[in-house]
Each structure stands twice: as structure tokens, then as C-alpha cells.
Chemist: 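The structure follows.
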There are 2 protein chains.
Amino acid sequence: MQHKFRSLCPIASTLDLLGDKWSLVIVRDMLIREKKTFKDFSSSDEKIATGILASRLKLLESFGLITKRKLPTNKKENIYLLTEKGIDLAPIIMEITLWGDKHMRAYNPKLISHKEVKADKLGAINFVQKSYRQFVAQIVD
Amino acid sequence: MQHKFRSLCPIASTLDLLGDKWSLVIVRDMLIREKKTFKDFSSSDEKIATGILASRLKLLESFGLITKRKLPTNKKENIYLLTEKGIDLAPIIMEITLWGDKHMRAYNPKLISHKEVKADKLGAINFVQKSYRQFVAQIVD
DNA sequence: TATTTTTACTTCTAAATTGAAAGCAAAGAT
DNA sequence: ATCTTTGCTTTCAATTTAGAAGTAAAAATA
């Protein structure tokens, strides 16, 4: 089944896939918090409904941003991991973090700050991507 | 009336405001295409419904990302302009452009490419922000 | 000046999506 | 052997969206 795109604009097309309140929160959990199972994602602070979580994971997988696999040691648990395409979202995630930290605090005063990102954006992007690749490598034998 | 936020995470909070298919498309039209009236926005390629456009403009204004004003020369037309807070979205917009250009083309082959952004991201961000500030200055006496 | 057109919406309704809760089957732990 | 956990699916009400139509005032045109 193929997606419908609103236009030929890369921004609009990316938003056709990721423009909702949950997809990038799931990617954040994977990339920054190294979450990997359905349970991990459904127990995040934001309390995503399981039906929405299931549909988002399916969509992200269908677009190749994540993979779904089982480990030989556990036949029940599914392990979701970001692909390189998904890891490539790190710059977007970091820019959103910076913008939110700078401009949303006025409306959500107790917002958590990410000092490393503010201090060294490119460093933080590289660090997170590198760490995540190691995390994947350690899981996928 | 105040917004509800899902958590204390800057990413989730930013997505509480901008996490939908339309808000950043409107910001794109303002920042990159220098659109400024209700008509301008409603005539974009993506065909936003007027009801949604009206509600998004109201929301963006309520969070201080845009301003709404009239020119002394026209008592009907409303002029919507990005504030500095809105102009500050340029890095997010550019990163989304780059990601989309790189990864969505497989699904939307005729995607338009933005060579300047690919060639010089920081330059493109600065250029767009500077140009937009000039555009605003020229409108607001 | 009178009429037509434009602008900026609002309203309406159907369709789609979301959120919350409950249910369920298989695997794993006790 | 039973209880618990995991990974979902299902259900249904509530909210949001998409699309069309309507409206009032301003502006352009005849």
C-alpha cells in the first residue's frame, strides 16, 4: 500500500510521514533513550495509546525508518531498531530540542534542558548517532 | 486559554504545538516563499482547507510565532508575519528539507530539490532568515 | 454610483483519526 | 500448573480533518 503525498515539496512530504504528535517521540525514545520494545515505548511519560503506537511502528517500518526483529533468546518480545534512515533524523530531533528549549519554556516552565545539545549541537548529533549505532551492533550480534 | 503539554520534554512540547501536517507548511510558505495573506496560504500546492488554516493561524499567533496586522493602505487584507520566534524555526525547516530530499524521494520521485540547502546548510539558513527580516522590514514601514 | 469580485473568514457535515479502556493469545516466569 | 508479561487487536466515544458552501465587508471595476 502506498502513501499519498500532498505535493512535490520535501518538507510537506516529510510531514506526510512524520507530521504528527507521536512519530518523532517514538524516534526520540529509540535514539536518545535507547528504548526498543513495544512495552518500552508504551511506558514513556507521554502515555501513547497502544493502538496508535502499533500503527505508528507499522508505518515507520513500512518506510524503512525502523526494523522489527526477535532475538534468539526470546520468542515473544519484538525488538525495534532505527535504520540509518531513522538515525539520520538526529539533526531534526536536535533542532527541535533546541527550539523547544528556547521557546516553549515560557509555556511549559519545568521543561527539561539538554545542556550538551546547547553547548555543542554537532557534537551531540554525532555522539547520539555513534552511541546508537553501537547499541544496535551490540544487540544485532 | 492555555495549552496542555504531554510531558516536560522539549521535543514532545514542541510537537504539542507544531506536530501536525500543516503548521510547518504554513511556516515554510512564510519563510521561504514570503507568503503573507490568508489567500496566499490557501492557494498553496497542498490545498489546505480554510477552516484548518484559520485555526492554525490563530494557534501560531497565540504562541507568538506569527503576528497579524493590517496595512494602512488596505482595510480588508490581513498580513501575517513570522516573529523572531517563528524565524527561529529555519534550522528545523532546513533539516526537514534535507532529510526529505535524501530519504523521501524513493517514495515521491518527483520531489523538488533544494540545491542551495544541500550545498551549504548554514548559509541557506542565514540567507533565508536575513531575507525574511528584510521582507518584514519593508512591509512594516 | 452601482455592480462585481475579492478577501477572510465561519459554518456545516461527513469521514478519518485519536484516546482510553478492555480483551486476548502466546510466551515466559514462578 | 498457574500467574504474569508482552504485544498487540478490538471497540467505541470524542476529537479533528477535509471539503463544500455561505457570508459580510472591502476593493476593484463598469
Side-chain angles (χ1 to χ4, degrees), chain A residues 1-7 12-13 15-26 29-30 33-63 66-81 139, chain B residues 1-7 12 15-26 29-30 34-63 66-81 139:
Chain A
M1 190 206 75
Q2 59 165 28
H3 212 271
K4 289 272 174 265
F5 295 104
R6 286 173 292 179
S7 71
S13 296
L15 293 174
D16 282 331
L17 171 59
L18 299 172
D20 72 273
K21 300 211 180 302
W22 291 110
S23 298
L24 287 178
V25 166
I26 296 170
D29 278 352
M30 299 178 85
R33 305 183 183 178
E34 301 194 342
K35 292 188 179 185
K36 58 184 192 304
T37 64
F38 194 93
K39 191 71 197 312
D40 287 343
F41 304 126
S42 65
S43 62
S44 75
D45 288 349
E46 291 87 4
K47 306 277 178 209
I48 185 169
T50 56
I52 296 177
L53 174 57
S55 78
R56 285 292 171 282
L57 289 171
K58 208 161 283 180
L59 187 65
L60 293 175
E61 195 193 357
S62 81
F63 274 89
I66 66 176
T67 56
K68 179 182 181 175
R69 76 186 68 208
K70 285 182 200 295
L71 296 182
T73 51
N74 189 316
K75 297 196 186 319
K76 181 162 53 164
E77 215 178 39
N78 289 315
I79 308 291
Y80 297 93
L81 296 173
I139 289 171
Chain B
M1 189 205 75
Q2 58 165 30
H3 212 271
K4 288 276 176 259
F5 295 104
R6 286 174 290 178
S7 71
L15 293 173
D16 282 331
L17 171 58
L18 298 173
D20 71 275
K21 300 212 179 302
W22 291 111
S23 299
L24 287 178
V25 166
I26 296 170
D29 278 352
M30 299 178 86
E34 301 194 340
K35 293 187 177 184
K36 58 185 193 304
T37 64
F38 193 94
K39 190 73 195 313
D40 287 342
F41 304 126
S42 65
S43 62
S44 76
D45 288 349
E46 290 88 3
K47 306 276 178 211
I48 186 170
T50 55
I52 297 177
L53 175 57
S55 78
R56 285 292 172 283
L57 289 172
K58 207 161 285 182
L59 187 64
L60 293 175
E61 195 193 357
S62 80
F63 275 89
I66 66 177
T67 56
K68 180 182 183 177
R69 76 184 69 205
K70 288 183 199 295
L71 296 181
T73 52
N74 190 317
K75 296 198 184 320
K76 181 165 48 163
E77 213 178 40
N78 289 316
I79 307 291
Y80 295 94
L81 296 173
I139 289 170

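Throughout, protein chains are lettered first and strands after them, A, B, ... in sequence-line order, and every chain is numbered starting at 1. Because the structure is predicted, anything quoted here is derived from the model rather than measured.
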Chemist: Using only heavy-atom distances, determine whether the side chains of A:D40 and A:T37 contain a donor-acceptor pair under 3.5 Å.
Modeler: yes
Chemist: Just jot down the side-chain hydrogen bond (donor to acceptor under 3.5 Å, both in side chains) partners of A:K47, sequence neighbours excluded, or say none.
Modeler: none
Chemist: Under the rule for salt bridge (Lys or Arg N to Asp or Glu O under 4.0 Å), what residues qualify as partners of A:E46, not counting sequence neighbours?
Modeler: A:R28
Chemist: Base, sugar-phosphate, or nothing: which does B:S55 touch, judged by heavy atoms less than 4.0 Å apart?
Modeler: nothing
Chemist: Do any side-chain nitrogens or oxygens of B:K39 fall under 4.0 Å of OP1 or OP2 in C:dT7?
Modeler: yes
Chemist: Give the rounded distance in Å between these two atoms: CG of B:N78 and P of C:dT10.
Modeler: 10 Å
Chemist: Could you state the CZ-P distance from A:F38 to C:dA27, rounded to the nearest angstrom?
Modeler: 18 Å
Chemist: In this structure, how many angstroms lie between the C1' atom of C:dT7 and the CZ atom of B:R69, rounded?
Modeler: 19 Å
Chemist: Suppose we screen for side-chain contact (heavy atoms from CB on, under 4.5 Å). Which residues come up paired with A:D45, at least two apart in sequence or across chains?
Modeler: B:S7
Chemist: Shoot me the first and last contacting nucleotide of DNA chain D against chain A, ordered 5' to 3', at under 4.0 angstrom to non-hydrogen atoms.
Modeler: D:dT5 to D:dT9
Chemist: What integer distance in Å separates A:L59:CG from C:dT17:P?
Modeler: 11 Å
Chemist: Write down the protein N/O and nucleotide N/O pairs, taken from nucleotides 19-25 of chain C, whose separation is under 3.5 Å; answer none if there are no such pairs.
Modeler:
{"from": "C:dG19", "atom 1": "OP2", "to": "A:W22", "atom 2": "NE1", "distance (Å)": "2.9"}

Chemist: Please name all residues satisfying side-chain contact (heavy atoms from CB on, under 4.5 Å) with B:S62, sequence neighbours left out, ordered by chain then number.
Modeler: B:L59
Chemist: How would you label the contact of B:T37 with the nucleic acid (heavy atoms, under 4.0 Å): base, sugar-phosphate, or nothing?
Modeler: sugar-phosphate
Chemist: Could you give the NZ-to-C1' distance, from B:K58 to C:dA8, as a whole number of Å?
Modeler: 11 Å
Chemist: Can you list everything that forms a salt bridge (Lys or Arg N to Asp or Glu O under 4.0 Å) with A:R33? Sequence neighbours excluded, please.
Modeler: A:D29
Chemist: Find which nucleotide of DNA chain C each of B:Y80 and A:T73 is nearest to by heavy atoms, and output the residue with the more 5' nucleotide.
Modeler: B:Y80
Chemist: When all nucleic acid strands are considered with a 4.0 Å heavy-atom cut-off, which category describes B:F41: base, sugar-phosphate, or nothing?
Modeler: nothing
Chemist: Any chance you could measure B:I48, atom CD1, to B:S43, atom OG, to the nearest 0.5 Å?
Modeler: 11.5 Å
Chemist: Classify the nucleic acid contact of B:R56 as base, sugar-phosphate or nothing, counting any heavy atom under 4.0 Å across all strands shown.
Modeler: sugar-phosphate
Chemist: Quick one: list whatever passes salt bridge (Lys or Arg N to Asp or Glu O under 4.0 Å) with A:D20, sequence neighbours left out.
Modeler: A:R56
Chemist: Determine the contact category for A:N74: base if any of its heavy atoms lies under 4.0 Å from a base atom, sugar-phosphate if only primed atoms, P, OP1 or OP2 are that close, otherwise nothing.
Modeler: sugar-phosphate
Chemist: Name the nucleic acid region contacted by A:K70, choosing base, sugar-phosphate or nothing; use a 4.0 angstrom heavy-atom cut-off, strictly under.
Modeler: nothing
Chemist: Starting at atom CD of A:E77, determine the distance to atom C1' of C:dA26, rounded to an integer number of angstrom.
Modeler: 14 Å
Chemist: Identify, with sequence neighbours excluded, every residue that meets side-chain contact (heavy atoms from CB on, under 4.5 Å) alongside A:K76.
Modeler: A:N74
Chemist: Quick one: are A:R6 and B:W22 in side-chain contact, heavy atoms under 4.5 Å?
Modeler: yes
Chemist: Once you round it to whole Å, what is the distance between C1' of C:dG28 and CG of A:L71?
Modeler: 15 Å
